[in-house]
2 protein chains.
Amino acid sequence: MQRIHHPRREQIHLAGVLDSLSDPTRLEIVLRLDTLGEATCAEFLDACSKTNLTYHLRRLREAGVTRVSPIGTQRFTSLRRKDLDARFPGLLEMIIGFAREAASADA
Amino acid sequence: MQRIHHPRREQIHLAGVLDSLSDPTRLEIVLRLDTLGEATCAEFLDACSKTNLTYHLRRLREAGVTRVSPIGTQRFTSLRRKDLDARFPGLLEMIIGFAREAASADA
DNA sequence: CCTCAAGTCCAAGATCTGTTGAACTTTGAA
DNA sequence: TTCAAAGTTCAACAGATCTTGGACTTGAGG
């Protein structure tokens with residue numbers, strides 16, 4: 001299995017993070033990661049197709065929002081809280097908070 | 001001149017705001033609006049073409065980030081701070097802050 | 001070895017974005 | 001009434017984004 005590329009902390013850019021979080025599907029993924037801690041793709045298959053999921057998870061990873069660690073045939077995705085907080089203190093928590101409000105308002 | 005449409009406060013959505021701010025040109029516009037308070041298009045003509053500017057200013061307006069008030073042949077654009085802060089307290093200031101850091105790091 | 005489950009890769013298509021030039025509208029002032 | 005300045009509209013285009021189906025890879029277990 002190919003090396004999975006993650007940007008280094010200093011390579012995480014604001015526009016990229018905002019962009020990756022400006023998609024509803026990805027915002028939903030981030031919300032779930034926030035509650036679950038980490039998750040494999042099975043956790044999101046109700047939200048979109050497998051192929052499509054690979055795409056969205058890649059976007060989040062490339063933006064520096066998530067980290068992916070392969071274990072066996074599975075890949076565990078989690079939020080890069082420390083790195084994001086070093087770079088943009090408070091931003092992730094704030095966005096997650098507002099997104100959660102919005103999500104519960106829909107329900 | 002046609003009525004200029006602005007979304008109502010409750011119609012401002014997180015994903016829309018993040019999306020409108022995930023473009024470098026628009027982030028730059030927001031930064032300038034933050035310092036200038038309000039501005040006409042003349043203030044941004046060094047950053048992009050007139051036509052293109054209309055496009056970006058429209059995106060910001062439609063996302064609920066800016067308000068536009070026509071005075072004579074000019075249009076004054078300003079940030080909708082109160083509305084944004086009512087909806088997403090602290091978000092705009094935080095993003096502006098990080099964007100400014102990033103901008104000065106480039107220089 | 002064979003097979004299954006987890007996930008990726010690839011090519012294609014539909015749609016959305018950002019950008020442009022040329023023509024237009026509106027208003028203020030000469 | 002004519003003119004210029006401020007800004008919009010429109011059609012067009014290149015490139016990015018999202019989504020899909022089908023074939024593929026990789027690792028674990030029987």
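Just so we're on the same page: letters track the sequence lines, and every chain starts at 1.
Look at CD1 on A:I4: it is 14 Å from C1' on D:dG27, rounded to the nearest Å. Between A:D19 atom CG and D:dA16 atom C1' the separation is 10 Å, expressed in whole Å. One atom, CG of B:D23, and another, C1' of D:dG15, lie 14 Å apart when rounded to the nearest Å. Atom-to-atom, CG of A:L57 to C1' of C:dC9 comes out at 15 Å; the value is rounded to the nearest Å. Spacing between atom CZ of A:F76 and atom P of C:dA5 amounts to 17 Å, rounded to whole angstrom units. The separation between A:L45 atom CG and D:dT20 atom C1' is 15 Å, rounded to whole Å. Protein atom NE2 of B:H5 is 14 Å distant from nucleotide atom P of D:dT9, rounded to whole Å. One interatomic measurement links the two molecules: CG of A:L60 to P of D:dC18, which rounds to 10 Å at whole-angstrom precision.
When the nucleotides D:dC18, D:dT20, C:dG7 are ranked by their closest atom to the side chain of A:H56, D:dC18 comes out on top. Closest contact between the side chain of B:T73 and the listed nucleotides D:dC10, C:dT26, C:dA6 involves C:dT26. In the set D:dA6, C:dT20, D:dC18, the nucleotide with an atom closest to the side chain of B:Q74 is D:dA6. Ranking C:dT20, C:dG7, D:dT17 by closeness to the B:N52 side chain, first place goes to C:dT20. Listed candidates were C:dT19, C:dT20, C:dG7. Nearest to the side chain of A:K50 is C:dG7. Looking at the side chain of A:Y55, the nearest of the listed nucleotides D:dG7, D:dT17, C:dG18 is D:dT17. Relative to the side chain of A:R59, the nucleotides D:dC18, D:dG22, C:dG7 differ in distance, and D:dC18 lies closest.
Atoms CZ and CG, from B:F44 and B:L36 in turn, are 6.5 Å apart once rounded to the nearest 0.5 Å. A distance of 8.5 Å separates CG in B:L33 from CD1 in B:I96, rounded to the nearest 0.5 Å.
When each of A:L53 and B:C41 is assigned the nucleotide of DNA chain D with its nearest heavy atom, B:C41 is the one assigned upstream, toward the 5' end. Taking the nucleotide of DNA chain C with the nearest heavy atom to each of A:V68 and B:T25, the more 5' of the two is matched to A:V68.
Taking only side-chain nitrogens and oxygens, A:T54 comes nearer than 4.0 Å to OP1 or OP2 of C:dT8. OP1 or OP2 of D:dT19 has not a single side-chain nitrogen or oxygen of A:S49 nearer than 4.0 Å. Within the structure, a side-chain polar atom (N or O) of A:R75 is placed less than 4.0 Å from OP1 or OP2 of C:dT8.
Contact annotation for A:R58: no contact, since no heavy-atom pair falls under 4.0 Å across all strands.
B:R81 has a carboxylate O that lies under 4.0 Å from a charged side-chain N of B:D34, or vice versa, which qualifies the two as a salt bridge. A salt bridge links A:R59 with A:D19: at least one charged nitrogen is closer than 4.0 Å to a carboxylate oxygen. The pair B:D83-B:R67 meets the salt-bridge criterion, since a charged nitrogen lies less than 4.0 angstrom from a carboxylate oxygen. Classification of A:R9 and A:D85 as a salt-bridged pair fails, no side-chain N sitting under 4.0 Å from a carboxylate O.
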